[in-house]
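Reviewing the structure listed below.
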Amino acid sequence: MQIADHFRQQIIDGVLTQDTKLPSVADIAEEWGVATATAAKGLKQLQAEGYVRASTQGTFVDLGRKLTSGSDRLQLQRATGSGFRPGERVEIVAASLMPAPAEVAEALGLEEGASVIRRQRRYLDDEGVITLSTSWLSGGLAEQAPELAVAETLPKMTFGLIEDRTGRRTVRRRDVVGLKPVPEDAAELLGVEAGSPALTMTNYYWDQDGSMVEYATDYLGAGRQLTAEYDIT
């Protein structure tokens, strides 16, 4: 698990980018002072999680097949330079400064009614809507990165722009999966009836100092699934 954790973090941080070849099982075993079987298990764990692919030529970083919820797009962006899988696209629905609702204020550690940035995006592919994603950030970030409050795409997503302008690097996240009724303002964008149940994922992101960077909620499109596959050791 330590071997898997080491390479996983390098992939997430963008040190190992898409199609980069990882060291061989023999090289890992020698460097870490473990049996080749142990080294092989570390690489298989990464493969099971969707971070690498194995071939006769070796093991390579490959996030192309990894399902991308909103929270996965950060590591995909860092590893490949793009937060999208092949065939995916995004529509920026809205972006503006507004008073923080109670739930958002609590998540971001602000007073209710404080200025916050709200960005809403719709991710799509050839099968329709993947997710409707709404991000909330402290309004103070608009001074350093005014693009966050403009309804246009960002080259490096919110995380990359914030890191470039402020030095705050997103390093930790928490995901909460639930089932919620679709609100009226989201129903048309998702192509479903208001009040119908939808799978949701709520994401909390922290920077290197432990401060909240972003609070986000995703409503998954009809028929979409969240999946995870891991080796049991």
Side-chain angles (χ1 to χ4, degrees), residues 11-14 17-19 61-98 100 104 107-108 115-171 173 175 182-183 185-192 198 200-207 212-222 224 226:
I11 293 170
I12 291 172
D13 289 344
T17 57
Q18 179 72 14
D19 296 325
V61 175
D62 185 8
L63 295 176
R65 299 185 183 88
K66 187 171 177 61
L67 293 180
T68 48
S69 65
S71 53
D72 288 322
R73 296 186 186 279
L74 170 60
Q75 62 198 48
L76 192 59
Q77 166 74 34
R78 287 177 177 171
T80 69
S82 170
F84 303 97
R85 292 179 298 165
E88 290 184 344
R89 62 189 186 280
V90 64
E91 295 176 353
I92 308 302
V93 177
S96 65
L97 284 164
M98 63 179 296
V104 174
L108 292 175
S115 177
V116 292
I117 301 168
R118 177 182 181 268
R119 288 185 61 83
Q120 189 171 57
R121 303 164 299 276
R122 187 167 68 157
Y123 294 96
L124 306 103
D125 61 15
D126 292 340
E127 296 180 10
V129 179
I130 304 170
T131 59
L132 178 65
S133 179
T134 305
S135 298
W136 302 88
L137 309 106
S138 170
L141 289 170
E143 297 180 7
Q144 296 162 294
E147 299 96 321
L148 292 170
V150 178
E152 296 179 359
T153 56
L154 304 173
K156 293 185 178 181
M157 305 171 59
T158 56
F159 305 104
L161 181 60
I162 291 170
E163 183 177 350
D164 285 350
R165 300 292 175 80
T166 70
R168 298 177 61 188
R169 183 175 177 83
T170 299
V171 299
R173 84 184 199 210
D175 304 330
V182 175
D185 61 350
E188 184 176 352
L189 291 168
L190 285 167
V192 299
T200 66
M201 178 181 279
T202 302
N203 310 120
Y204 302 80
Y205 301 94
W206 291 269
D207 65 15
M212 182 72 67
V213 178
E214 180 177 331
Y215 169 69
T217 56
D218 285 1
Y219 281 85
L220 273 68
R224 301 290 178 167
L226 289 171

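Computed from heavy atoms alone, side chains included, the values below leave out hydrogens, waters and symmetry copies. It should be emphasised that the depicted structure is a prediction, and the values quoted were computed from it without experimental measurement.
With contacts defined as side-chain heavy-atom distances shorter than 4.5 Å, the pair Leu137/Ile162 qualifies. Two residues are said to be in side-chain contact when any heavy atoms from C-beta on lie closer than 4.5 Å; Tyr219 and Arg224 fail this criterion. Side-chain contact between Leu148 and Leu154 is present, with heavy atoms from C-beta onward closer than 4.5 Å. The shortest distance between side-chain heavy atoms of Thr153 and Val90 falls below 4.5 Å. Looking at Glu163 and Thr170, their side chains never come closer than 4.5 Å, going by heavy atoms from C-beta outward.
Between Glu91 and the options Arg121, Arg122, Gln120, a side-chain hydrogen bond (donor to acceptor under 3.5 Å, both in side chains) holds for only Arg122.
Residues Ile117 and Ala142 come closest through the heavy atom pair CD1-N, 3.8 Å. Heavy atoms only, all atoms of each residue included: Leu220 and Ala198 are closest at O-CB, 4.3 Å. In this structure, Ala222 and Val192 approach most closely via the heavy-atom pair CB-CG1, 4.2 Å. Here the shortest heavy-atom pairing between Asp185 and Leu189 reads O-CD1, 3.9 Å.
Electrostatic pairing of Glu147 and Arg165 counts as a salt bridge here, judged by a charged N lying under 4.0 Å from a carboxylate O.
Residue-environment remark: CD (Gln144) exceeds the threshold of 12 foreign heavy atoms within 6.0 Å.
The distance from atom CE of Met201 to atom OG1 of Thr131, rounded to the nearest 0.5 Å, is 10.0 Å. In this structure, OG1 in Thr166 is found 6.5 Å from CG in Leu141, a value given to the nearest 0.5 Å.
Of the N and O atoms on the side chains of Ser135 and Arg119, not one donor lies less than 3.5 Å from an acceptor on the other residue.
Aromatic ring pairs are classed by plane angle as parallel below 30°, tilted from 30° to 60° and perpendicular above 60°; the pair Phe159 and Tyr205 is perpendicular.
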